[in-house]
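Reckoned from all heavy atoms, side chains included, excluding hydrogens, waters and symmetry mates. Letters A, B, ... are given to chains in the order of the sequence lines, protein chains preceding strands, and every chain is numbered from 1.
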There are 2 protein chains.
Amino acid sequence: MKPYVLLVEDEEALATLLEYNFQKEGFETSIAIDGEDALLQAEERTPDLIMLDWMLPKLSGVEVCRRLRRRKSTAKTPIIMLSARGDETDRVTGLDYGADDYMVKPFSMTELFARTRALLRRVSPTLLQDIIKLGDIEVDTKALRVKRADNAIHLGPTEFRLLDHLIRNPGRVFSREQLLDAVWGRDIYVEARTVDVHIGRLRKALKMPDRKDPIRTVRSAGYAFEAVND
Amino acid sequence: MKPYVLLVEDEEALATLLEYNFQKEGFETSIAIDGEDALLQAEERTPDLIMLDWMLPKLSGVEVCRRLRRRKSTAKTPIIMLSARGDETDRVTGLDYGADDYMVKPFSMTELFARTRALLRRVSPTLLQDIIKLGDIEVDTKALRVKRADNAIHLGPTEFRLLDHLIRNPGRVFSREQLLDAVWGRDIYVEARTVDVHIGRLRKALKMPDRKDPIRTVRSAGYAFEAVND
DNA sequence: TATAATTGTAATAAAGCTGTCACAAATTCA
DNA sequence: TGAATTTGTGACAGCTTTATTACAATTATA
């Protein structure tokens, strides 16, 4: 659904400012106040983007960056480093250790988002796309609309998020637990079988004569979205 | 329709920044990375405005400018030159060769758009029209008037701003919080539910027999304006 | 100043969505 | 084949979200 950015910044004022602006741009956000916190949070939920301050308590930004790169889950996650110092040495060091871009404080939010967009467009374009199309199915994430073969389809919020998640990872099989985490949220407890019911509702909503079911059931594993006819 | 700006800029960061800001101002954009590319693109679709970097690979900005002026289709198209150098000589050269305005890098986006507006107002005022039309609904942002199917509709200030905001972003779903930010202002605190009431008033005011409600409710998400019959 | 228009809130009604269960159907495996 | 496991689906109660109304307070207008 929304791209998730981890903001690693110990200065509270800047962290809040970043949070506010990223949320306005449609990101989900989380703040880490030091390097250790950052590593923990990144492990718990893999971010789609990391904003990483250079100067941090406990672990330096560079060190955090190196460790993030060593982990499989975050090896390719886009990282933008923030630094008060702007000299070339720092820039080079930051980029050497695996940051994708570099901003010198103070910076304009406009420029930050221009760069963010550029970076995400390069690395994971589906995150920025408003309209995701697969086969004859179309999901418009800005307008929150779904179409199949140009027919508008009405979905409830949960079915929408479910479809959104599945269609962004076509072919991949998700267990019920994974779907609960991704669609319902980590801290919400509902029966795993509830997923079945929503999958059923989604299937029913997407059903059209002469078109095959885009959702595949993988017995004793979960569900997956399949590219479809057309 | 939206005005179309051709951004001729080889430096990627700046090009992205410009693109982002022009899009935010409601322009359609295209980027050309060198002079030849610019001439090709301008031929394919005549821009309403051209931002032209002075220093370009292959063909210089001045040369591009001269050639654009020689073509009938772009002879009068407004051109703003961008240059790193700010001395008078360049300025004169640029303007001599037919640029309409001239900005020295680095420049503020605010100033750029102030000049852009001034230029477009002078050359092609219709592009900056204050009247937004969508389907059978017409919003005159200067005169603060609204019509539907040629019937004048009276709205209170808040409903007007609400409609104005929604109609400028047709299809897009806004949460109540986003609407409060955009319509009421960031620092004003009112209940999120108040939005519902104003949406209701707006709907009532826009209601006409045999015409459907242009405002879509998206459950657990917000509201969106939809293109309508006619 | 009196009158009208506009605004935000709260209360209530209406609509829509969700999660669970029970049982049917399908699939697997011995 | 038959038992066990897994999945599909309809029903439904409870819950959440939205629409609408009324009203008091504020602001504009004559």
Side-chain angles (χ1 to χ4, degrees), chain A residues 1 143-146 152-166 173-208 212-226, chain B residues 143-146 152-166 173-207 212-226:
Chain A
M1 188 72 208
L144 303 186
R145 278 182 175 293
V146 175
I153 283 171
H154 178 84
L155 296 179
T158 308
E159 278 87 50
F160 185 89
R161 290 198 304 276
L162 186 55
L163 173 60
D164 185 61
H165 183 71
L166 290 172
V173 178
F174 292 96
S175 70
R176 294 179 176 71
E177 286 70 27
Q178 288 176 314
L179 290 173
L180 286 176
D181 269 8
V183 176
W184 275 256
R186 211 156 281 267
D187 35 1
I188 289 171
Y189 180 73
V190 293
E191 286 293 323
R193 292 298 315 279
T194 298
V195 173
D196 296 28
V197 177
H198 282 278
I199 288 282
R201 288 173 181 157
L202 183 52
R203 278 178 167 146
K204 195 169 160 191
L206 290 175
K207 187 143 83 181
M208 288 187 69
K212 77 167 201 268
D213 182 5
I215 297 170
R216 181 164 64 103
T217 301
V218 183
R219 193 159 228 269
S220 75
Y223 298 97
F225 192 91
E226 303 285 84
Chain B
L144 304 184
R145 284 182 188 290
V146 176
I153 283 171
H154 176 81
L155 295 179
T158 307
E159 278 88 49
F160 184 87
R161 289 199 305 276
L162 186 55
L163 173 59
D164 184 59
H165 183 70
L166 290 172
V173 176
F174 293 96
S175 70
R176 286 168 236 278
E177 286 71 25
Q178 288 177 315
L179 290 173
L180 286 175
D181 269 10
V183 176
W184 275 256
R186 198 162 292 182
D187 37 359
I188 289 172
Y189 180 73
V190 292
E191 285 294 322
R193 297 255 131 245
T194 298
V195 174
D196 298 29
V197 177
H198 283 278
I199 288 281
R201 288 172 181 156
L202 183 52
R203 277 178 168 146
K204 196 168 159 193
L206 290 175
K207 186 143 82 181
K212 75 168 203 268
D213 182 5
I215 297 171
R216 178 168 70 110
T217 301
V218 182
R219 192 159 231 267
S220 80
Y223 298 97
F225 191 92
E226 304 286 87

Check your understanding: Do any side-chain nitrogens or oxygens of A:W184 fall under 4.0 Å of OP1 or OP2 in C:dT18?
Key ->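 No, no such contact exists.
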
Check your understanding: Within the pair A:T217 and D:dG8, is there a side-chain N or O less than 4.0 Å away from OP1 or OP2?
Key ->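 For D:dG8, OP1/OP2 do have a side-chain N/O of A:T217 under 4.0 Å.
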
Practice item. Tell whether A:R201 reaches the base of D:dG10 with its side chain through a donor-acceptor pair below 3.5 angstrom. Key: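 No.
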
Exercise for review: Measure from the side-chain N and O atoms of A:R216 to the backbone N and O of A:A224, and report whether any donor-acceptor pair falls under 3.5 Å.
Suggested key: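 No: the side chain of A:R216 does not pair with the backbone of A:A224.
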
Practice item. Please confirm whether the backbone N or O of B:I215 pairs with a side-chain atom of B:R203, one donor and one acceptor, at under 3.5 Å? Key: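 Confirmed, B:R203 side chain pairs with B:I215 backbone.
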
Using whole Å, report how far [atom1] of [X] lies from [atom2] of [N].
| X | N | atom1 | atom2 | result |
| --- | --- | --- | --- | --- |
| B:I188 | D:dT26 | CD1 | P | 16 Å |
| A:R176 | D:dT7 | CZ | C1' | 7 Å |
| B:L202 | D:dT18 | CG | P | 17 Å |
| B:I199 | D:dT21 | CD1 | C1' | 17 Å |
| B:H198 | D:dA19 | NE2 | P | 14 Å |
| A:Y189 | C:dT20 | OH | P | 7 Å |
| A:R193 | D:dT9 | CZ | P | 11 Å |
| A:L155 | C:dC17 | CG | P | 10 Å |

Review point. What is the nucleic acid contact for A:V195, judged by heavy atoms within less than 4.0 Å: base, sugar-phosphate only, or nothing?
Key: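 A:V195: no heavy atom of the nucleic acid under 4.0 Å.
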
Review point. Mapping A:T194 and A:H154 to their closest nucleotides on DNA chain C, which lands nearer the 5' end?
Key: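 Counting from the 5' end, the first nearest nucleotide belongs to A:H154.
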
Exercise for review: Let me know, please, whether B:K204 or A:V197 comes out on the 5' side of the other along DNA chain D by nearest nucleotide.
Suggested key: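 Its nucleotide being nearer the 5' end, the pick is A:V197.
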
Review point. From C:dT9, C:dT18, D:dG8, pick the nucleotide closest to the side chain of A:Y223?
Key: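 Per side-chain heavy atoms of A:Y223, the pick is D:dG8.
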
**Study point:** Dot-bracket notation for DNA chain D, counting Watson-Crick and G-U pairs under 3.5 Å, with | for partners on another strand
**Key:** ||||||||||||||||||||||||||||||

Exercise for review: Measure the acute angle between the ring planes of B:H198 and B:W184, then classify it against the limits of 30° and 60° as parallel, tilted or perpendicular.
Suggested key: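 Rings of B:H198 and B:W184: perpendicular, over 60°.
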
Practice item. Can you sort out the partners of B:S220 under side-chain hydrogen bond (donor to acceptor under 3.5 Å, both in side chains), two or more places apart, ordered by chain and number? Key: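 Residues passing side-chain hydrogen bond (donor to acceptor under 3.5 Å, both in side chains) with B:S220: none at all.
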
